[in-house]
Amino acid sequence: MKKLTSLLLSFSFAAAMTAQAAVPVYLDRTKPIEDRVEDALSRMTTEEKIAIIHAQSKFSSAGVPRLGIPELWTDDGPHGVRPEVLWDEWDQAGWTNDSCIAFPALTALAASWDRDISRLYGKSLGEEARYRKKDVILGPGVNIYRTPLNGRNFEYMGEDPYLAAKMVVPYIKGLQSNGVAACLKHFALNNNEVNRHTSNVIVDDRALYEIYLPAFKEAVDSGVWSIMGAYNLYKDQHLCHNQYILNDILKGEWGFDGAVISDWGGTHDTEQAIHNGLDIEFGSWTNGLSQGTSNAYDNYYLAMPYLKLIKAGKVGTKELDEKARRVLRLMYRTVMDGNRPYGSLCSPEHSDAARRIGQEGIVLLANRGNVLPMKLDGHKKVAVIGENAIKMMTVGGGSSSLKAKYEISPLDGLRKRLAGKADVVYARGYVGDTTGEYNGVTTGQNLADDRTPEELIAEAVAVAKDADYVIFVGGLNKDNHQDCEDSDRAGLELPYNQDALIEALAAVNPNLVVVNISGNAVAMPWVDKVPAIVQAWFLGSEGGNAIASVLTGDVNPSGKLPMTFPARLSDVGAHSVGQYPGTPRNDGSKIVDIEYREGIFVGYRWADKNKIQPLFPFGHGLSYTTFDYGKATIDKTEGTADDVFTISIPVTNTGDRAGREIVQLYVSDLKTTLPRPVKELKGFKKISLEPGQTETVTFEISRGDLSYFDADKHAWVVDPGKFEALVGASSRDIRSKVAFKVK
Ligand code: BGC
């Protein structure tokens, strides 16, 4: 009997072994991804490989149905999961289960200077993406803020490569922890929207490596799974198939193992697409972004035209295998990951996350006479003025447009928070953009108003005159030539007569608060007449709640500017050197050369070098409490470039309420061979302090923080000599410094 049992057992074991052996490697979850990728590749026909390297619909690419490998679904990005569109169109599919939580714009995230908040952002967005069955989110973007006119700055992370690099990585990790790939964009040198398909950027290697690439590189080093080529050109090649940027740098120097995805309609040539680093083509529909045919996807540059070249023996299959391998790897990391979580949509946790990100990112720019926080003793009258107090901002702006499940406007947020404490009265003040529609998603708001500017101002002034507080909520919006894809702003000024309105309000009420909603710096000719100014960005679903919590002091503001607010356009490097928006070639090619002549001197680096006083400097942001910085100390005053120098500084909350401070470290190279910026951000920490509490903040400075890119040597070098570590509350508010020598 015993014998029989053991015989049966060994039979069933053998059967199980055979069954297990029957699982092909590419489907075997216990096998390493690389083995599975190679096995899948070895089973695929040339046609199947071609099928997975180009789109099959507006946002998806084909899987390998014969092998059970699913389709890959992408979606924008970067502030929430874009609603479903028709198979072949940008128009809405008309689903009713595709609303999302709109998270704050990436400028707001960057302004939080909070790595944990960035991780929370990515994680929450990834959960929404998973629930909506998306495998790749088209974002985040880290193009450097070169000019305040760039219509897409609101989707990026500011002017400083170090800040953008440190802030983008946790977002990507949080997102990808859901088995959803980030698609980092737009790689690279895509710093304005005007002429975005025809601008050819001319930039020296030093600025390329020191300013425009570091955030991308850090994301690649941290394991981002896909990256999107930019629309524009560099060295006369479109960036979706660019030998220098994609092959030499991204895949060569940096060893990127993920997939390069074209921007939608960013592919222009089959041969270049084959050879210059592109892996998967989206949105070329066959003629740029505009025209299609019934078999549009077959006509993609990486579809039949590629197959024909292979069949005719004009190109080999080495490149095809490499593209398919990278796309498969992306699939195994996402849609083929059987263990990824299921995600969640519009959960209370996501609302909380959206609000917290907004609260951490709001920047208190000015607060003379401590007008803020609002004092709510007794019953108050609060006048809320301005279109942006009521306007839905999650619709519009281009591909980042969302169908938010809800959006709390600043007026609604204030009304809710002030209920029972104040009468809130509203006046429009100005009429800006009344459209409220994008790709078929409508806000449902009717903002039509045909009163004259004079009538609107008169009404606002009448409402504001006897109010205890006047909260003006204005700024930009998501219309063309505002903060919007595919066009740039016409100037630095606030549009729609807002300056005149603000002046009129300031003249009748000293308790005026200007809340500026934008993704870009704006000119503020009234800056000295308005006691309190708040930079509130585009804050998504929870915007109104976040703003109300900061104005009333429920939350102590702690954001700091991720970009310089210049006083005037000519104070910006790109404009000062006359290199925006570039020079048309006039050779019939439509190409516009744009030469980044300001080189590495972008943002505060330009202002510092030229001793320009900005309206508000990079890194600036106030609190309702005060922080005292003690003396910075260093663990050694001399060492080699391979030593680590440790800087410490005690920071004390000297006010009477808890608050958060962003302590910033800048490094200054005092003895240099090549010109260097006066100082560069090389560290930051956001700390929370109770009243009276002191924390000693430490920073480490190592080789990477001391070096610059020597274009002739094509290497990062450290010049021996004297350096300074500057610790401060902004780039123009250095509280303590300490010198050290590198041998
Ligand atoms: C934008 C991308 C976006 C893509 C898909 C393009 O026009 O530049 O950022 O991800 O469209 O919507």
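Read the numbers this way: they start at 1 and go in the same order the structure lists the ligands and their atoms.
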Q) Which of the atoms of ligand 1 are close to His186, meaning less than 4.0 Å from one of its heavy atoms? A) 2 (C), 8 (O), 9 (O)

Q: May I ask you to check whether Tyr406 and Glu542 show a side-chain donor-acceptor distance below 3.5 Å?
A: yes

Q. Any luck finding a side-chain donor-acceptor pair between Arg82 and Asn439 under 3.5 Å?
A. yes

Q.
Under 3.5 Å, is there a donor on one side chain and an acceptor on the other for Glu128 and His350?
A. yes

Q | Ligand-residue contact atoms, ligand 1 with Arg82, heavy atoms, under 4.0 Å | A | 12 (O)

Q) Any idea which part of Arg196 is under 4.0 Å from ligand 1, heavy-atom wise: side chain, backbone, both or neither? A) side chain

Q.
I need the contact type for Arg152 against ligand 1. Using non-hydrogen atoms and a strict under-4.0 Å cut-off, is it side chain, backbone, both or neither?
A. side chain

Q. Which atoms of ligand 1 sit under 4.0 Å from any heavy atom of Trp90?
A. 12 (O)

Q. Under 3.5 Å, is there a donor-acceptor pair linking the side chains of Asn153 and Asn520?
A. yes

Q.
Below 4.0 Å, non-hydrogen atoms only: which portion of Phe59 touches ligand 1? Side chain, backbone, both or neither.
A. side chain

Q.
Below 3.5 Å, N or O to N or O, backbone or side chain included: is there any such pair between Asp263 and ligand 1?
A. yes

Q) Are Ser399 and Arg152 linked by a side-chain donor-acceptor pair shorter than 3.5 Å? A) yes

Q: Pull out every atom of ligand 1 sitting under 4.0 Å from any heavy atom of Lys185, numbered as shown with elements.
A: 2 (C), 3 (C), 9 (O), 10 (O)

Q. Under 3.5 Å, N or O to N or O, is Trp264 touching ligand 1 that way?
A. no

Q: Say whether Asn143 and Asn191, considering side chains only, have a donor N or O and an acceptor N or O under 3.5 Å apart.
A: no

(Q) Within the 4.0 Å heavy-atom shell around Ser399, which atoms of ligand 1 are there? (A) 1 (C), 2 (C), 3 (C), 9 (O), 12 (O)

Q | Ion pair Asp75/Lys58, N-O distance below 4.0 Å | A | no

